[in-house]
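Report on the following structure.
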Amino acid sequence: MSLIKGASTIGGASVISQLIGAFTILFMSYRFGMSDVGNYALTFSIIMIGAQITLYGSHFLLPKVNQQDIGKAVVFCMLQSWGISAIYIYIVSHFFELPFVAIYVLTASYSMMIISEYVFLRNKIFSKLAIQRISVTSIVFLALLVSWKIEYFYYIWAGAHLCLIGYWLYKCLDFSIFSKSDFLPTTQVRFFIKHWNHLSRVGTAEVVANASLQLPTVLINYWFSPLVAGYFAVVNRFCLSPVLILGQSVRNYTFSKWSEDFRNKVFNYSEFKQVRLFLVVIASVTVAGIYFVYPWLTQHVLGEQWVQSVETSRLMLPYVFAMLAFVPMTVIELIFGAPNYFLRIQCEQLVIVILALVIIPFIYKSYVVSLLAFTVLTAGRYLMIYIKINKHAIVLRNKGVV
């Protein structure tokens with residue numbers, strides 16, 4: 001029951017967040033046009049890639065480190081959030097015309113949001129984590145609502161999001177965990193050296209994983225047009241985002257629970273089977289829903305410009321199933337497995353992105369061919385990973401955690 005309760009609390013908030021986000025996209029498409037939806041999706045992808053590069057997997061240490069090191073870990077993450085974000089946005093600004101200050105603040109504040117989430121996960125305060133997620137998407141809609149020009153939207157969003165995350169960090173952190181020595185450069189260098197293996201392996205894997213997830217939007221915008229990227233963004237929001245949010249909710253819960261099991265040198269195989277069955281069932285239901293319900297919704301509710309996104313939704317079905325049924329289970333390799341293997345998983349997915357959305361459109365510029373190659377190759381690759389993960393779980397059940 002704890003599995004269902006923990007995942008449902010986060011998942012329920014994620015569903016509400018998704019509804020708010022979907023209405024935000026709908027409102028933006030009617031107020032500013034589908035091309036601006038594509039540009040918004042591009043900007044958001046750049047921000048999320050930046051947030052992961054900035055933290056470089058250090059947020060995964062927050063639920064895992066001992067209590068005496070939690071203050072050092074939070075300070076380390078915060079320094080990364082603001083320092084590395086500046087370098088990242090400076091580099092990105094040479095390739096895309098973006099509002100530099102707004103995107104910098106958003107990248108840093110989304111990094112802080114991830115820190116806040118993992119502190120809540122460490123403390124198992126799922127209710128406040130749920131409220132935080134709802135408030136984050138609500139801020140985007142409110143910023144859009146008061147923006148009379150699309151250019152102003154990004155600055156209003158950045159300022160409001162920073163204030164909101166500052167509040168949530170204040171609520172989630174127990175300031176008694178910090179000592180003056182936590183802020184010393186020598187302390188931070190020692191912390192970095194101590195966790196170098198994690199940062200270099202798991203951190204790299206997480207950055208590559210996020211890049212593989214966000215790069216398709218960036219590359220579709222580059223190869224085809226903001227309008228086509230807008231259709232892809234619409235399908236992401238209405239079809240794929242609920243899947244990713246639900247999968248991430250299960251992944252967050254299992255990461256919190258299995259990290260505790262890892263510290264206690266145990267592995268709960270019966271809970272692993274529950275998670276596996278739960279994900280396969282909801283993945284099957286979701287795919288059927290997208291195939292039958294989404295075309296009807298676009299035709300009878302959303303309007304003509306949305307009907308053109310139905311083809312994209314059908315092409316994405318293998319990817320949707322893999323993202324929900326298989327991908328959340330990779331958390332077992334993150335906690336119990338070898339960092340090198342988790343990194344290999346993500347690098348192979350990045351290779352698929354490059355093959356399908358860089359090499360193929362360079363040779364033959366077809367949106368349908370590129371997207372179909374991306375979805376089928378991804379689903380096939382994660383099926384093989386899924387089989388290996390189940391074998392690893394059996395080994396953990398029989399031999400225990402080493």
Side-chain angles (χ1 to χ4, degrees), residues 17-54 81-82 84-114 134-167 210-211 213-238 241 302-303 305-306 308-309:
S17 298
Q18 170 59 24
L19 291 174
I20 297 170
F23 189 75
T24 301
I25 291 291
L26 182 64
F27 182 63
M28 182 181 288
S29 69
Y30 285 113
R31 188 173 190 180
F32 297 113
M34 196 62 76
S35 291
D36 280 312
V37 172
N39 288 327
Y40 163 73
L42 169 66
T43 302
F44 187 75
S45 294
I46 288 172
I47 290 167
M48 295 310 298
I49 292 172
Q52 293 293 343
I53 290 175
T54 293
S81 295
W82 289 96
I84 301 177
S85 289
I87 301 170
Y88 169 77
I89 294 301
Y90 176 76
I91 295 171
V92 167
S93 66
H94 286 78
F95 298 94
F96 299 96
E97 293 183 4
L98 299 171
F100 181 87
V101 174
I103 305 304
Y104 169 57
V105 172
L106 282 166
T107 302
S109 62
Y110 267 86
S111 301
M112 292 165 59
M113 179 195 74
I114 296 171
I134 294 171
S135 65
V136 165
T137 51
S138 299
I139 281 292
V140 181
F141 174 72
L142 292 174
L144 182 65
L145 188 65
V146 300
S147 301
W148 57 100
K149 289 185 178 181
I150 192 67
E151 293 82 4
Y152 301 150
F153 161 68
Y154 295 102
Y155 290 98
I156 296 172
W157 175 24
H161 189 270
L162 179 61
C163 293
L164 177 68
I165 298 305
Y167 166 79
N210 190 262
L213 185 63
Q214 301 295 340
L215 272 178
T217 301
V218 177
L219 294 171
I220 288 170
N221 191 297
Y222 175 80
W223 283 110
F224 303 103
S225 70
L227 182 62
V228 174
Y231 293 134
F232 184 76
V234 162
V235 173
N236 268 345
R237 174 58 66 178
F238 278 80
S241 286
L302 299 176
Q305 64 175 342
W306 288 66
Q308 299 178 54
S309 67

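- Note that CZ of F32 and NZ of K149 are 10.5 Å apart. Values are rounded to the nearest 0.5 Å.
- In this structure, Q52 CD and Y110 OH are separated by 13.0 Å, a value rounded to the nearest 0.5 Å.
- Using a distance-only test at 3.5 Å, with no hydrogens or angles considered, no donor-acceptor pair links the side chain of Y104 to the main chain of Y88.
- Under the side chain to side chain donor-acceptor pair (under 3.5 Å) criterion, S81 pairs with no residue at all, not counting sequence neighbours.
- Separation of the W157 and Y152 ring centroids does not fall under the 6.0 Å cut-off.
- Rounded to the nearest 0.5 Å, atoms CD1 (I47) and CG (L42) are 9.5 Å apart.
- Among all heavy-atom pairs drawn from H94 and Y90, the shortest one is ND1-O, 2.8 Å.
- For the atom pair CE of M113 and CG of L164, the computed distance is 10.0 Å after rounding to the nearest 0.5 Å.
- Closest approach of S45 to V218, counting heavy atoms only: CB-CG2, 3.9 Å.
- Residues satisfying the side chain to side chain donor-acceptor pair (under 3.5 Å) test with S85, not counting sequence neighbours, are T54.
- In this structure, the separation between OG1 on T107 and CD1 on I46 is 8.5 Å, given to the nearest 0.5 Å.
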Side-chain donor-acceptor pairs of residues 135-148 under 3.5 Å, sequence neighbours excluded:
residue, atom, partner, partner atom, Å
S135, OG, I131, O, 3.3
S135, OG, Q132, O, 2.7
S135, OG, W168, NE1, 3.1
T137, OG1, R133, O, 3.4
T137, OG1, I134, O, 3.0
S138, OG, I134, O, 2.8
S147, OG, A143, O, 2.4

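- Within a 6.0 Å sphere centred on CZ of F100, other residues, nucleotides and ligands contribute more than 12 heavy atoms.
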